[in-house]
Structures are given as C-alpha cells and as structure tokens.
Amino acid sequence: MNNVLHNFFILLLMGCATNTVQDHSPQSSEVKIVEGTYMNRPHFLIQTESATYYYDRKGGGISRMIDRQGKDWIAFGKEPWDEYPASAASSFRGIPNLVFRSEDSGAGHPGHDQCQSKIIGDTAILTTSLSERWQWKWTFHPSHAELEVLRVDPHHPYWFLYEGTPGGVFDPQHQYIGTDIGGPWDTAWDYYAGDILYGQWRFVYLGHKQVDRVLFISQQDPDTLTDTFSYLGNSEKGNQAPNGMVVLGLGRAEGAKPLMQKPNVFTLGFIERKVENVEAHDSLKQQLKVLLSNKL
C-alpha cells in the first residue's frame, strides 16, 4: 500500500471512531503527522517506524499507541467517564496525563478540553494549556518519542503518567515491569487494594510475557521524588477484574499526589524484545543507555 492510500485508510478509521484497529504498521522509516478525528475529537495521527500515536489535540495527550502488530498499549475510551474504578477501562487512560487537581486539571490528558496543539516543523507538536500556564513539546522519531515540558505552573506540581495496557490487554498475571533498579518483576500488584510498588526510577519498562516487545519510559533529570506502579482493575475485584490498566506514575506520591515542579524531558518508545530474566534485563539496560546516551 502506498503512503497516500495508507494515510487515507488510517483517516477513515479515525473518522469512524472505531474502538478496534486491524494493523497500523508504518510503511517507512519517516515520521509523518496527519490530521484526523478519533471518537469525534480532533487528533493528530503520528506514524513512525516503530509505532503509531493518536494525539488528542484539545486534551494534549496520547490516546492510543499502536505497535507493529496493531496492539494498542493505551486504548483510551470515553465511557464510563471519571468513575472509580470503572474508568480504568476507559477515560482514566492516556499519556502523560500531566495536570491534576487545579484549574488546569486534565491538561495533558486525552478526552479533556484544556489545551490547544499545533504541528511545528515536520516531526513535532507544541501544546499550550488554555490558561497558558503550561506548555510542552512532543518530538517524534522513528524509534521513540520525546516530551519536553517547557512551562509549568509554579503553584501546582505535576506528574508523568502512563495509564494503559501493556501488550494491548489488561492481564496482570502475565505482565511485568523493570526499572533501572532491577527486574523483571511479575508481581500482580493491586492498586484497588492499596498494593502499590514505590521507588525512585530513571527509567521503567513494561511488557507482556506473550509479546516480543516492551515499552520504555525515562526521565532525563534525576530526582528524589516518589514513583509508583500498580494494576488498577475496573471493579472491586481489583487485579482480577475483567478490564483495567496499569498505573505508572513518575513523580506520584501515595494518595495520588503530583510531586514534580520543574521542567523535565521524558522519552518513551518500543524495544523489540522480551525481557524474561536478569540477563535479558541487564542487556536491555545497556541498550537503553545507548539509546538515551544524552538523557541518562
């Protein structure tokens, strides 16, 4: 399929606001950004060699992140909206979900209307909150994406969240996490029950035991702030619920408290390998150090 027909096909899918994706595998190593809609909301669609991203222009966040096999590692949805814990299967999801508990709450989160976004250059998107207190820039590369937080509200801290579905599903019993501290760990923590992993991490990777890739997320400037990870099911059954999401928060303290107060740079992307043991973890760690040589 040539690029023109491929882009047209993708836009048809977005315009129909469907909840499933067949296969959005990029057709070249170039980064392409096109306009469209998803769930009746204006989006930018970013096609790269390793992933396809759906960027909610008014929300200022990524609503879908689709790997080479067509698996959606976020799968944001509108309904149910803002219901705990039910919305773990829908509207809680997204990246980076930056701003919480202020007049700008929802800025950086798909589904909200707190931002305006525009394409700058060929591979970047600049987002500014309607209040103009917040501003950030996404730059997309064939192998990864980089978020640079440019402006923060000095009166309200923020966090960087990944709330989604590693490997395209909610499946705590078969998913795992690793960090610069160690891994892989396959403990099925249960957020609803208050069972949460806390730490201080420079990078994190997440995967599914039946998927030959992981998602990595890193922050450039080190800090001593609390980071969190757990699985939030969409019912009182917790990590045994039929649907849900992982909750990964950089700069997120107990009680859903944002902690970050300074601009920072975050990088995320897929690495095409599974991490099954300590040896694979150490190998991945070295690979990340090379990829993020100027950021770690």
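Predicted, not measured: the structure shown is a model, and the values here were computed from it. Atom set for the values below is all heavy atoms of this structure, side chains included, hydrogens, waters and symmetry mates excluded.
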When rounded to the nearest 0.5 angstrom, what is the spacing between [atom1] in [X] and [atom2] in [Y]?
{"X": "Phe266", "Y": "Ile95", "atom1": "CZ", "atom2": "CD1", "answer": "12.0 Å"}
{"X": "Ile177", "Y": "Asp186", "atom1": "CD1", "atom2": "CG", "answer": "11.5 Å"}
{"X": "Leu248", "Y": "Tyr231", "atom1": "CG", "atom2": "OH", "answer": "10.5 Å"}
{"X": "Asp171", "Y": "Asn243", "atom1": "CG", "atom2": "CG", "answer": "11.0 Å"}
{"X": "Ile33", "Y": "Ile119", "atom1": "CD1", "atom2": "CD1", "answer": "5.0 Å"}
{"X": "Trp134", "Y": "Leu150", "atom1": "CH2", "atom2": "CG", "answer": "12.0 Å"}

Query raised in the report: Taking atom types as modelled, is there a side-chain donor on Gln116 or Thr128 under 3.5 Å from an acceptor on the other?
Result: no
What pairs with [X] under side chain to side chain contact (heavy atoms under 4.5 Å, CB included), at least two apart in sequence or on another chain?
{"X": "Glu83", "value": "Pro80, Ala86, Ser87"}
{"X": "Lys78", "value": "Met39, Asn40, Arg41, Phe76"}
{"X": "Asn277", "value": "Glu279, Ala280"}
{"X": "Ala145", "value": "Tyr53, Trp138, Phe140, Leu268"}

Closest non-hydrogen atom pair between [X] and [Y], with its separation:
{"X": "Ile74", "Y": "Ser63", "value": "CG2-O, 3.3 Å"}
{"X": "Ile196", "Y": "Thr228", "value": "CG2-CB, 4.0 Å"}
{"X": "Leu225", "Y": "Gly251", "value": "CB-CA, 4.4 Å"}
{"X": "Asp180", "Y": "Trp201", "value": "OD1-CA, 3.4 Å"}
{"X": "Gly233", "Y": "Pro85", "value": "O-CB, 3.3 Å"}
{"X": "His281", "Y": "Pro184", "value": "CB-CD, 4.1 Å"}

For the backbone of [Y] and the side chain of [X], can you confirm whether one donor and one acceptor N or O come within less than 3.5 Å of each other?
{"X": "Thr127", "Y": "Ser117", "result": "no"}
{"X": "Gln200", "Y": "Pro222", "result": "no"}
{"X": "Thr165", "Y": "Phe170", "result": "no"}
{"X": "Tyr55", "Y": "Gly60", "result": "yes"}
{"X": "Gln114", "Y": "Ser105", "result": "yes"}
{"X": "Gln175", "Y": "Pro166", "result": "yes"}
{"X": "Trp159", "Y": "Asn97", "result": "yes"}
{"X": "His156", "Y": "Phe100", "result": "no"}
{"X": "Asn239", "Y": "Ala188", "result": "yes"}
{"X": "Asp72", "Y": "Ala75", "result": "yes"}

Relative to each other, are the rings of [X] and [Y] parallel, tilted or perpendicular (30° and 60° limits)?
{"X": "His43", "Y": "Tyr38", "result": "perpendicular"}
{"X": "His144", "Y": "His141", "result": "parallel"}
{"X": "Tyr205", "Y": "Phe203", "result": "parallel"}

Run the side-chain donor-acceptor check on residues 254-264: report pairs under 3.5 Å with partners two or more places apart or on a different chain.
{"from": "Asn264", "atom 1": "OD1", "to": "Asp221", "atom 2": "N", "distance (Å)": "3.1"}
{"from": "Asn264", "atom 1": "ND2", "to": "Asp221", "atom 2": "O", "distance (Å)": "3.4"}

Report task. Could you walk me through whether Gln219 and Phe160 pass the side-chain contact (heavy atoms from CB on, under 4.5 Å) test, one step at a time? Result -> CA-CA 9 Å; Gln219 67 177 55; Phe160 181 104; over 6 Å; no
Given the rule that I, L, V, M, F, W and Y join up when any side-chain heavy atoms are under 4.5 Å apart, are [X] and [Y] in one cluster?
{"X": "Ile217", "Y": "Ile181", "value": "yes"}
{"X": "Tyr162", "Y": "Tyr158", "value": "yes"}
{"X": "Trp73", "Y": "Val169", "value": "no"}
{"X": "Leu147", "Y": "Val152", "value": "yes"}
{"X": "Val278", "Y": "Ile271", "value": "no"}

Salt bridge (Lys or Arg N to Asp or Glu O under 4.0 Å) partners of [X], counting only residues at least two apart:
{"X": "Lys237", "answer": "none"}
{"X": "Arg57", "answer": "Glu35"}
{"X": "Asp212", "answer": "Lys274"}
{"X": "Asp195", "answer": "none"}

Query raised in the report: Can you list the steps and then say if Glu272 with Arg68 is a side-chain contact (heavy atoms from CB on, under 4.5 Å)?
Result: CA-CA 10 Å; Glu272 303 298 313; Arg68 290 176 175 178; 3.9 Å; yes
Report task. Using the test side chain to side chain donor-acceptor pair (under 3.5 Å), find all partners of Tyr191 that sit at least two apart in sequence or belong to another chain. Result ->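 Here the qualifying residues are Arg252.
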**Report entry** Verdict with supporting geometry, Ile46 and Tyr54, side-chain contact (heavy atoms from CB on, under 4.5 Å)
**Finding:** CA-CA 6 Å; Ile46 304 96; Tyr54 283 60; over 6 Å; no
Query raised in the report: Which residue pairs satisfy the salt bridge (charged side-chain N to carboxylate O under 4.0 Å, His left out) criterion with at least one member in residues 85-102, sequence neighbours excluded?
Result: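 Not a single pair qualifies under salt bridge (charged side-chain N to carboxylate O under 4.0 Å, His left out).
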Report task. Scan for salt bridge (charged side-chain N to carboxylate O under 4.0 Å, His left out) pairs involving residues 147-159, sequence neighbours excluded, and state none if there are none. Result ->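 For residues 147-159: Arg133-Asp153.
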Query - Student check: side-chain heavy atoms of Ser230 and Leu197 closer than 4.5 Å - result: no
Report task. Answer whether the closest heavy-atom distance between the side chains of Leu288 and Ser218 falls below 4.5 Å. Result ->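 No, their side chains stay 4.5 Å or more apart.
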Requested in this report: Show your working on side-chain contact (heavy atoms from CB on, under 4.5 Å) between Val204 and Asp227 and close with a plain yes or no.
Outcome: CA-CA 10 Å; Val204 179; Asp227 304 320; over 6 Å; no
Query raised in the report: Would the number of heavy atoms belonging to other residues, nucleotides or ligands and lying under 6.0 Å from CD of Gln287 be above 12?
Result: yes
